[in-house]
Amino acid sequence: IEINKMSLLSILHTRHAERVYTIREGETLELTCLVTGHPRPQIRWTKTAGSVSDRFQDSSVFNETLHITKIQRHQGGRYYCKAENGLGSPAIKSIRVDVYFLDDPVVTVHQSVGEAKEQFYYERTVFLRCMANSNPPVRYSWHRGRDVLSQGSDKGVEIYEPFFTQGETKILKLKNLRPQDYANYSCIASVRNVCGISDRNIVFKLTNKTVSPSIKLLVEDPIVVNPGQTVSLVCITTGGEPKPTLSWVSSSDRLPEKSVVKGGTLTLPAITSDEAGVYSCVATNNVGNPAKKSTTIVVRAMKKGRFWITPDPYHNDDNIQIGREVKISCQVEATPPEELTFGWLKNGRALRSSERMVITQTDPDTSPGTTNLDIIDLKFTDFGTYTCVAALKGGGIPEISIDVNISSTTVPPNLTVPRGKSPLVVQEGDTVELECLVSGKPKPIILWSRADKEAPMPDGTLQVESYDGVLRIVNVSREMTGSYRCQTSQFNGFNVKPREAVVELIVQYPPSVEPVSLEMRQGLGRPVAMNCRVLRAHPSRVLRYEWRLGNRLLHAGHFDQSDETEYTVKSLNREGWGEYTCDIINEAGAGRCTFLVTAYPPEFYYDTYSPLWQNRPRVYGFKLQWTQMNPNAVDRIVAYRLGIRQVEVCVCQEITVEGTITKGELITHNLTELIKPEAYEVRLTPITRFGEGDSTIRIITYSGKLTIGSFHCSFEEEPICMFTQDKNDDFDWTRHSAATRDTKYTPNTGPSGDRSGSKQGFYMYIETSRPRKEGEVARLVSPFFNVAPKNPYGITNPPAYCFGFFFHMYGKHIGTLNALLRQKGQAATEGPTWSLSGNQGDHWKQAKVSIHPTASFQVVLEGIRGPGIEGDIAIDDVTLEEGECRDLPAISEYRNIRGVYP
């Protein structure tokens, strides 16, 4: 493979011959991977040698050209083009892309103050640090006013690079600050105009008032608010020169989307609990350290009200009994926790703490947000509904009420699995409900978890709460097979030893088989063996298989000890071509192996760089190339059927094959008389003595670019072979024939016929009669010719082409005829590749010159008018052929030749 570049600003070569492309940030990068090989290689661009982790734009690029619009610095690095076609090792070429950029520099100022112990000496030193992000490394220079500062230019100034920064910054040290040091300082960052990147500079004004920022927050800390309120945080600067810039940040890294920042004021409209946290005001002016002040916003909230009943801890009994103690606990999560208050009601009436009804609030450090009601020596009169009421002192938040019933029917919980619910057998993809029946009063929350292994539940958590004892799983998968534990929690129930039960879940799934799809190629009369194997299935014991060709059942049976089944076609005939399927079936469904048995299709060869081999005014031709995949595995191909479709018209023809096709043999057929600029669908079908094989389809399009294998132009038709007149010359070449020559033509100059001697034949010439003046130029420009480099680096050994033409230069005022090479993307700075001046006699003569282009190119024929009217120059039969020129005309045939001639 070869790699070309487009829109690249420069190419560098290291001593290890690694290609390094440099491009300016924001430009468009195009890398083209030129690949040859058959079968047609598949191309993949990656940013590493194949690692999935560093692929760009979320995936690899699977085509010849890698296109990155407005390339950014992080997209620089080494890119790999990998081509593979299943034969041999893949071909890999790498390119390192250097993205050049230069950010605006930033100047920061720091000051150190030192005093001697006796306080007779006072020193103040100021450091100005300049930093700029760049590639390649930046060079810094300092100016004070208009004066350039350099090391040693001023005793009070020192310029250095800190050792640990490795050239990333440049520090200007002003020692023992003097009055003249108060000035404007400019830091200029430069990458030496590489890739056209201009220098960047920044100016810092140092005065005796320069000082780091200081700020003040005009808010309390913390701020406690109710949800839905609008909160405004005001920050003001109390010092700093230059004037500091204020910004706000939050502990969650990002400010809320609906927040509004205006100057030093941050407004949070309709605040929610999720937006609570620490908010900081930061002031910067690049002098000293930034100033930062913070406050905490607390949003009132209460959630998760729960209760639990604890029987008498001094007796080994989980039931509530008359004459014993019982404790009711109530817990609420509150923000802020210090505002939480509790109240108790019995049957709707307020309850006060007494000797038998003891109300306590648990230590917030051990069990925050919890209150207890201890009933000592339980009596029948104590039965009833107890209500725990939680509220926040600040108000604005709805109260939470939790009812707990204490009666003779209040009993601890019990857990059972309903009959027929374990083991639970389901099909993969179903929605399943695992169920545990909860008895007791009150009914506690049920906690579900995996019992057979340390694994998360289907929702990703380790434990799932259920208020009705049911665990619902949507779209169950085979990985969810196993044991699930249901367990009572202490919440909303008894604070006793948890009750638990286990449910077994069995997920059945259809067999996984291989191969899922396989193309099998075989000639007629030969055997074909197809094998379908089971990889996994549940249940795996009861498996049966069915072999079919289309809808026709061929064979069926059951597996015994084997995990595979085979079907053999002993002698393939035409009726045996088609799609064979093997279904392996269990209770959950079927897995299918598919075998497509047929002949091999042809494979189109990867296009040459310019498949357009013929180009006439209204029609064009196309060189079609293909090979036959594994020709030895099918019956001998005797011909190909070629179908060409354009709009509603379809033309079919047969291409005869002589002899036996060998593996990898390249077959060529020229398509002619294709109408410009239409595209065509080409269908190619191999034919054996038994009939047709598989077809292959491709689309061909008119490219408008010519190949160089056999270009010839005699100017016989008006479009003159796609030659054009240069728009920047003084006058034009003229198409002419002797039969149509004006009777007033200038004698003693110009040809009497075309190169073959025919008076009806056409040629091109420059008319030098008035109003033409000496030195005026006419240029005739060829169409573009595509060129593909023959080596990976494109320019070390460029290909050769022979440019030829016939010329007629007769007359005493003949000027100059030049042949020039004009390459795409390159300035026309080189001189002519061939040049001839003066009268060469009344004869047509041939010129040939070898050219070595490195990119798509044009050839230019340039005629320069001589000192008088007898100076017509004519050309005819222009050719361009691959390879160096052979059979060159002797130089002695020419007079006044100059320039380089082979």
Side-chain angles (χ1 to χ4, degrees), residues 3-32 66-79 94-108 128-154 157-163 165-172 183-205 286 793-796 822-830 854-855:
I3 299 179
N4 274 3
K5 57 90 183 174
M6 300 173 63
S7 301
L8 298 172
L9 299 181
S10 63
I11 306 178
L12 305 176
H13 291 272
T14 69
R15 60 180 179 177
H16 303 294
E18 179 186 34
R19 302 188 72 184
V20 181
Y21 290 178
T22 60
I23 184 171
R24 183 173 178 172
E25 187 174 48
E27 299 288 339
T28 296
L29 171 70
E30 284 190 359
L31 300 177
T32 301
L66 168 64
H67 183 96
I68 303 178
T69 304
K70 295 182 179 179
I71 191 168
Q72 300 300 307
R73 62 194 66 179
H74 69 272
Q75 293 174 304
R78 186 171 283 105
Y79 289 84
S94 66
I95 307 173
R96 199 178 85 226
V97 176
D98 254 359
V99 181
Y100 280 3
F101 60 91
L102 174 61
D103 291 343
D104 289 328
V106 176
V107 169
T108 57
L128 282 76
R129 168 178 286 187
C130 186
M131 296 184 65
N133 296 320
S134 73
N135 184 35
V138 69
R139 289 183 181 176
Y140 301 96
S141 58
W142 282 99
H143 292 68
R144 180 165 57 198
R146 297 183 179 181
D147 299 331
V148 178
L149 294 177
S150 58
Q151 185 66 29
S153 63
D154 186 332
V157 175
E158 184 179 341
I159 301 175
Y160 65 95
E161 293 178 359
F163 175 74
T165 62
Q166 299 181 353
E168 296 174 358
T169 183
K170 196 84 164 184
I171 293 181
L172 179 66
N184 289 334
Y185 290 86
S186 301
C187 172
I188 301 174
S190 174
V191 290
R192 300 160 297 286
N193 204 38
V194 64
C195 290
I197 300 175
S198 57
D199 295 349
R200 307 287 178 88
N201 74 295
I202 187 172
V203 178
F204 185 88
K205 185 177 182 180
N286 291 340
Y793 302 104
I795 60 174
T796 59
R822 181 183 293 176
Q823 301 192 62
K824 189 173 184 179
Q826 299 182 20
T829 56
E830 298 182 1
T854 59

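One-based numbering along the sequence shown. Model, not experiment: these values are computed from the prediction.
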| message | Is it the case that atom CZ in Arg192 sees more than 12 heavy atoms from other parts of the structure closer than 6.0 Å? | response | yes
Any side-chain heavy atom of [X] sitting closer than 4.5 Å to one from [Y]?
X      : Y      : value
Tyr100 : Asp98  : yes
Ile188 : Tyr140 : no
Leu172 : Val157 : yes
Tyr79  : Leu66  : yes
Ser94  : Arg19  : no
Thr28  : Ile68  : no
Asp147 : Trp142 : no
Ile95  : Val20  : no

| field | Geometric cation-pi criterion, Arg73 with Phe101: 6.0 Å, 45° | value | yes
Just how far is it from atom [atom1] of [X] to atom [atom2] of [Y], taken to the nearest 0.5 Å?
X      : Y      : atom1 : atom2 : value
Asp104 : Met131 : CG    : CE    : 14.0 Å
Ile171 : Leu128 : CD1   : CG    : 9.5 Å
Asn201 : Ser141 : CG    : OG    : 9.0 Å
Ser198 : Asn193 : OG    : CG    : 7.5 Å

Shortest non-hydrogen separation from [X] to [Y] and the atoms involved:
X      : Y      : answer
Thr22  : Cys195 : OG1-SG, 4.2 Å
Pro105 : Ala132 : CA-CB, 3.8 Å
Val107 : Ile202 : CG2-CG2, 3.5 Å
Pro136 : Val194 : CD-CG1, 3.7 Å
Gln151 : Ile159 : OE1-N, 2.7 Å
Ser153 : Ser150 : OG-O, 2.7 Å

| said: Set out, in order, the CA-CA distance, both residues' side-chain angles and the distance that settles side-chain contact (heavy atoms from CB on, under 4.5 Å) for Leu102 and Val138, then state yes or no. | reply: CA-CA 8 Å; Leu102 174 61; Val138 69; 4.0 Å; yes
| query | Less than 4.0 Å between a side-chain N and a carboxylate O, is that true for Arg144 and Asp154? | reply | yes
| query | Step by step, would you call Leu149 with Tyr185 a side-chain contact (heavy atoms from CB on, under 4.5 Å)? | reply | CA-CA 10 Å; Leu149 294 177; Tyr185 290 86; 4.0 Å; yes
May I ask you to decide if [Y]'s main-chain N or O and [X]'s side chain share a donor-acceptor pair within less than 3.5 Å?
X      : Y      : answer
Arg139 : Val191 : no
Gln72  : Lys70  : yes
Glu25  : Val99  : no

